[in-house]
Structure formats: structure tokens, C-alpha cells
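Lettering of chains follows the sequences in order, A, B, ..., and the numbering in each one begins at 1.
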Amino acid sequence: MTVAQIVFILLTIVGLGAAFLVVTTRNLFHAALYLIASFFAVSGFYVLLEAGFFAAAQFLVYIGAISILFIFATMLTRTVRGMVPRNSQWQAALFIAVVLFIAMVAMFSPISFSLPIRPDRTFGGVEWQFAEIPGKPGVLRSVPDSSILDFGRALADLNQYGIALLLSGVLLLIGMIGAIWVARERKPREILAERARMAAEEAAEAARQSVGAKIPDVVVAHDSHH
Amino acid sequence: MDIINNLVKNLGDGIAAGIYGALGQGIAADILIMVIAAIAVFAVASGGFAGLTYAERKIVARIQDRVGPNQAGPYGILQPIADAVKLFTKEDTTPAEADFWVYHLAPIIVAVFATLTFTVVPFAPGVVGTNLNIGAFYIIAIGSASTIAILMAGWGSNNKYSLLGAFRTVAQLVGYEVPMLLNMLPVIMLTGSMSLVDIIERQAGWNGSWGLPFIVILPLSGLAFLISGIAETGRSPFDLLEAESEIVAGFHVEYSGMKFGLIMMGEYMNALGVAVMFSVLFLGGYAGPILPPYLWLVLKAFGVFLVLMWLRGTLPRVRIDQLLNMNWKFFVPLSVVNLILVMILGKVFVSDPALFKANGGILIQPLAQALIMGASSFALLMIALAIVTRRVRKDRMAEAAILLQRRETNQQIAASVH
């Protein structure tokens with residue numbers, strides 16, 4: 001067994017264990033931290049596959065941005081501890097998860113456990129990443145990673161992923177404009193109108209709850225006639 | 001001269017040769033060499049931490065007309081050792097309602113990820129932990145992990161001031177990552193590589209025989225990178241995370257003893273990391289005349305750190321809304337405009353004959369290209385500053401008018417009551 005395989009097994013244990021704990025732990029904040037551990041293991045897989053750029057991107061996007069969003073939302077939640085990690089939709093979720101898992105196994109079968117690491121690039125060989133700059137002995141230059149170049153060309157090429165890149169850019173722009181619109185500075189008059197509307201809604205909700213479950217049924221039946 | 005210039009590299013090579021001679025070529029020897037290299041990188045970083053705490057206390061004291069540490073040893077030079085002894089002997093307290101694992105893990109994560117920055121920094125030709133081909137991107141990615149650690153510290157302590165500090169962190173650190181990355185991009189585009197060694201060699205060989213640091217070619221990017229870097233490390237005047245007059249000590253108020261020491265160490269290493277990154281990206285790193293390369297990097301990094309100390313000693317803390325407005329309404333748009341400007345200029349004025357043959361454009365001397373880029377970047381900076389100055393003055397006048405009106409109303413009310 002090579003060192004790379006040992007690292008692979010360790011990463012798999014960490015990643016799967018953390019992912020399992022995410023869905024079983026009763027503390028929301030701990031769940032977010034286990035999710036980070038799981039992302040970290042995935043980033044380690046990218047390093048094993050010699051895709052350094054994707055490892056760093058995984059780290060930056062998932063650990064540095066998305067997880068922080070999760071944790072922030074968790075911190076603003078009132079009940080963090082002692083929640084039951086299950087709701088009424090768990091059967092549907094389990095069904096979808098099983099279907100996706102079977103589809104994934106079917107896609108990648110026959111399952112191959114050999115790692116796509118070339119034998120000449122093992123952990124033992126230290127020299128593999130460097131080459132000397134001509135005319136400057138001792139100054140080592142990193143070999144340009146062709147995967148980044150291929151990735152960039154594929155993104156810029158309209159025949160490959162150019163359209164997808166443009167579409168995701170438009171999506172991000174829409175999201176940004178929406179965020180600015182939600183967080184815009186409101187005039188006092190608007191705020192007052194909004195508060196009045198919310199108070200009316202709350203009052204209606206309270207009235208509905210105090211009367212009982214019969215009235216909504218009548219309303220629904222009434223609506224269904226039209 | 002060569003012996004002095006390559007001192008560090010030869011030392012490392014000698015140790016490696018000795019270990020290979022004793023253990024033979026194999027995984028055991030490789031792992032031993034890697035462990036020694038890791039310890040060496042950590043020793044540089046933590047030695048820098050110890051020296052900088054002393055230097056900062058002395059220099060800030062000088063700026064503020066105080067004496068600073070002067071009891072331990074001559075001129076108080078043994079103060080870092082005294083501090084370390086004190087930190088180790090302090091009682092290690094844990095809040096009763098703390099989240100045990102989260103609370104205890106946070107300082108370790110802060111220190112570890114701060115140290116990881118130094119693994120890709122080239123200290124001299126051939127003296128680099130690992131020459132990653134995505135070095136610059138790696139540093140940004142690693143830096144984002146410190147946000148998580150601060151959130152863990154703030155939440156795990158179960159203290160409302162800690163939590164407030166952690167909330168401020170998210171707004172500040174996540175926000176300032178964006179201009180930091182956007183201002184690193186022009187350097188990466190002009191170099192054509194994300195490796196820090198390549199970036200240094202590009203600056204050293206800009207005009208054939210003599211080099212030109214990127215701060216001359218991209219003054220706007222350099223300035224914006226430095227400011228967002230200071231904000232990213234949470235140092236004064238952006239020390240909102242631990243504003244002691246507002247939220248006690250922010251996220252680390254519940255930490256004592258060596259756990260507090262680890263958090264301080266992480267913060268100093270992050271600041272040192274920004275100083276080193278600025279020297280590598282914009283000041284030419286280890287490249288320089290006469291002196292040996294490793295001394296040049298230390299000198300440049302210390303010079304940048306001196307600026308950080310100067311700012312800390314003189315500027316008051318900014319408000320959270322000013323901080324965020326400055327980021328999202330000034331730095332980010334300016335950086336994007338600057339990026340587009342560098343892209344267009346880089347396409348139009350080409351100095352590389354091979355690139356000229358491939359893409360066309362106007363072929364000019366490297367020095368002329370640098371001058372054009374530097375002048376346009378500087379002009380953009382001046383225009384942006386003029387616009388912002390006018391805008392800020394207008395806002396201030398409006399605020400002052402409102403305050404005046406309010407005061408007059410209050411006086412009228414007071415007069416009518418009497």
C-alpha cells in the first residue's frame with residue numbers, strides 16, 4: 001500500500017464520518033462544523049488527484065464562503081441545541097438519496113479502486129514539481145499546471161462551456177441586484193406601511209388559530225368551487 | 001559573495017544530503033526532511049511573531065510619546081520571553097457553558113492556518129517550502145479559514161460580546177476578501193502565473209538586466225491590496241473584531257493563558273503574512289541589489305510592517321458602516337475598473353515579441369509599457385480619490401445640516417417649556 005492510498009483511506013473516513021455526523025448530530029452549529037470537515041476532505045481528494053487549483057477553489061468557495069453563510073444563519077436561529085434532526089419529509093428525502101446513490105454507482109461501475117496517480121509521481125519523489133530556470137542555477141520554477149490552462153480555455157470557448165459561464169454570470173448578477181433591492185434604504189413611509197401590513201397579517205393569523213381548524217377547511221372548499 | 005547569497009539554500013541542501021547519506025533514499029528520509037523543513041518554516045514565522053510583538057510595542061510607544069516595555073533586559077528586549085512565561089503559567093480557564101470542543105479547537109485552527117501561509121513564500125532563490133503553481137490563490141484560500149476559526153471562538157465562548165465580535169468578523173473579513181483577490185489579479189495577469197517564485201522573477205527581469213517592482217507598474221492595485229490586507233487581518237484602524245472600548249475584547253474575551261497566546265500569534269502571523277505577501281507581489285520579494293536575497297525579503301517585509309505599526313499608532317478606529325461602505329461602494333468597483341483597464345492596456349501595448357506575433361497590438365519596449373500602465377493606474381487612482389472626496393464632503397455637509405436643525409428644534413422646545 002502506498003502513502004497516497006493511506007491518505008486516500010484517511011480522507012474517505014474523515015469525509016464520510018463527518019458527512020454522517022452532519023445529518024445525525026442534534027446541534028445545528030456542530031452540524032455546520034462537521035460539514036466543513038467534510039468539505040475539507042473533498043478538497044484533500046482534489047490534492048490527491050493533482051488538481052491543486054480545484055482544491056484551493058473548493059476550499060475558498062465551500063469552506064470560506066458557503067459554510068460561513070450556514071454558520072451565520074445558524075447563529076441567528078433561536079433553537080440551536082436539542083433539535084430533532086428529522087421532519088415529516090424524511091421518507092421522501094431517503095427515497096431520493098437512495099435513487100441518486102444507485103444512479104451514481106451505476107454511472108461509475110465497474111467500481112475501480114485504483115487511484116489515478118501516475119507511478120512516477122509518488123510521495124517519495126520530491127523533485128517532481130520543479131524545473132530550473134535556464135541561466136539561473138538554483139532558481140526553481142513551477143511547471144505550469146496544464147489543467148488550469150485547459151480549464152480556462154474550456155470556460156472561454158463558446159463551443160464548450162462559454163454559454164454556461166455566461167448564464168451563471170447572469171444568474172449571479174440577478175442575485176446581486178435582488179440582494180441590493182432587499183437591503184435597500186427604505187423611506188419612513190414605506191417602513192410604516194410595511195409594519196402595518198405585517199401587523200394585519202399577524203392579527204389575521206392569530207384570529208385563524210384561535211377560531212380553530214374548521215374555518216380554513218371551509219375556505220379551501222369554497223375556493224375549490226371556482 | 002555566492003557563499004553568502006546562497007547561505008540558506010546551501011544549509012538546507014547540506015542537511016538534506018546528510019539525511020539521505022544516513023538513511024538512504026526513501027520515504028523515511030523524505031518524511032524526516034519534510035518535518036525539518038516544516039519546523040524551519042514554523043520557526044521563521046514564530047520568531048517573526050516574537051520579534052514583531054516587541055518591535056510593535058516599542059515603536060507604537062515611541063509614536064504615542066511613551067516608553068514601552070523597558071523592564072525585562074536592556075531596553076526591555078527580553079519582553080517576548082517574559083510574556084511567553086507569563087502566558088504559560090496563567091490559569092487556563094474555560095467558561096462553564098462553553099461549547100467544549102469548539103472553544104478549545106478555535107485557537108489551534110487560528111494559529112495553524114496563519115502558519116500555513118508561509119509554506120509557499122519564497123525567502124530566497126531555491127528557499128521555498130513548496131513552489132505551488134497556484135501559490136497566490138492558495139494564500140487567499142487558506143486565509144479564508146481564519147474566519148471560520150474566529151466564528152468558532154466567538155460561538156464556543158458562549159458570551160454575547162464574543163458573539164458580537166464574531167458577527168462583525170463575517171461582514172468585515174468576507175467583504176475584504178473580494179478587493180484583495182481583485183487586486184492580486186492584475187499582478188497574476190502581467191506575470192502569467194500564480195506561482196510566487198514566477199511573480200518575483202517577472203519583477204526581477206522586467207527590463208532585461210534590472211527589475212521593476214509591480215508597485216511602480218500597478219500603484220492602484222498595490223495600495224488597495226495593502227488596505228484590504230490590513231482590513232483582512234483585523235488590525236487597527238480596522239480592529240472592529242476586538243474593539244476593546246465597545247465589545248470588551250471581541251471574540252477572544254473568554255480566552256486566557258496560552259490559548260489567548262495562540263490567538264495573538266495567529267493574528268500577528270496573519271499581519272506578517274500580509275506584509276510578506278505585499279513585498280512579494282508588489283515590491284519584488286527577494287530580488288534586490290548588493291545585499292543577499294533573504295535579507296532583502298526580511299527588510300521589505302519589515303518596512304511594510306512598519307507602515308502597519310504607523311497606522312496602528314496614529315489612526316482612530318473606523319465605524320462598521322464606514323468600513324462596509326468603503327469596501328462595497330469604493331474598493332470593489334474601483335478594483336473592477338482597474339482590472340478592466342489593465343486587461344485593455346495589456347492587450348493593446350505588448351512588450352513580448354512572441355505575444356505580439358500571436359495576438360497583435362502595438363509592440364513597445366517593456367519600460368514604456370510599464371510607464372503607460374503606471375501612469376494610467378495612477379490617473380485612475382487620482383480620479384477615484386477626487387470623486388470620493390467630493391462625495392464624502394457632500395455627505396458630511398448634509399449630516400451637519402441635519403444635526404444643526406435638530407439642535408435648533410431642541411432649543412426651541414426648551415425655550416417653549418421654560
So what's closer than 4.5 Å to chain A heavy atoms on B:L105: side chain, backbone, both or neither? neither
Pick one of side chain, backbone, both or neither for B:M194, based on which atoms fall under 4.5 Å of a heavy atom in chain A.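 The side chain, not the backbone.
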Look at the aromatic rings of A:F40 and B:F113 and report parallel, tilted or perpendicular, splitting at 30° and 60°.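 Rings of A:F40 and B:F113: perpendicular, over 60°.
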Heavy-atom count around [X] [atom1] within 6.0 Å, excluding the residue itself: above 12?
X      : atom1 : value
A:Y62  : OH    : no
A:E205 : CD    : yes
B:F330 : CZ    : yes

For the interface with chain B, which of A:L69, A:L33, A:V61 has the highest count of heavy-atom pairs at distances below 4.5 Å? A:L33
Winner by heavy-atom pair count (cut-off under 4.5 Å) against chain A, out of B:G192, B:S146, B:G154, B:S144: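 Most heavy-atom pairs under 4.5 Å with chain A: B:S144.
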Under a 4.5 Å heavy-atom cut-off, does chain B meet the side chain of A:I71, its backbone, both or neither?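 Contact with chain B is through the side chain of A:I71 alone.
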Side chain from CB out, backbone as N, CA, C, O: work out which of these in A:A57 comes under 4.5 Å of a heavy atom of chain B, or both, or neither.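 Both parts, heavy atoms under 4.5 Å.
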So which atom in [X] and which in [Y] form the shortest heavy-atom distance, rounded to 0.1 Å?
X      : Y      : result
A:S67  : B:I148 : CB-CD1, 4.2 Å
B:L151 : A:F29  : O-CZ, 4.2 Å
A:A56  : B:A141 : O-CB, 3.6 Å

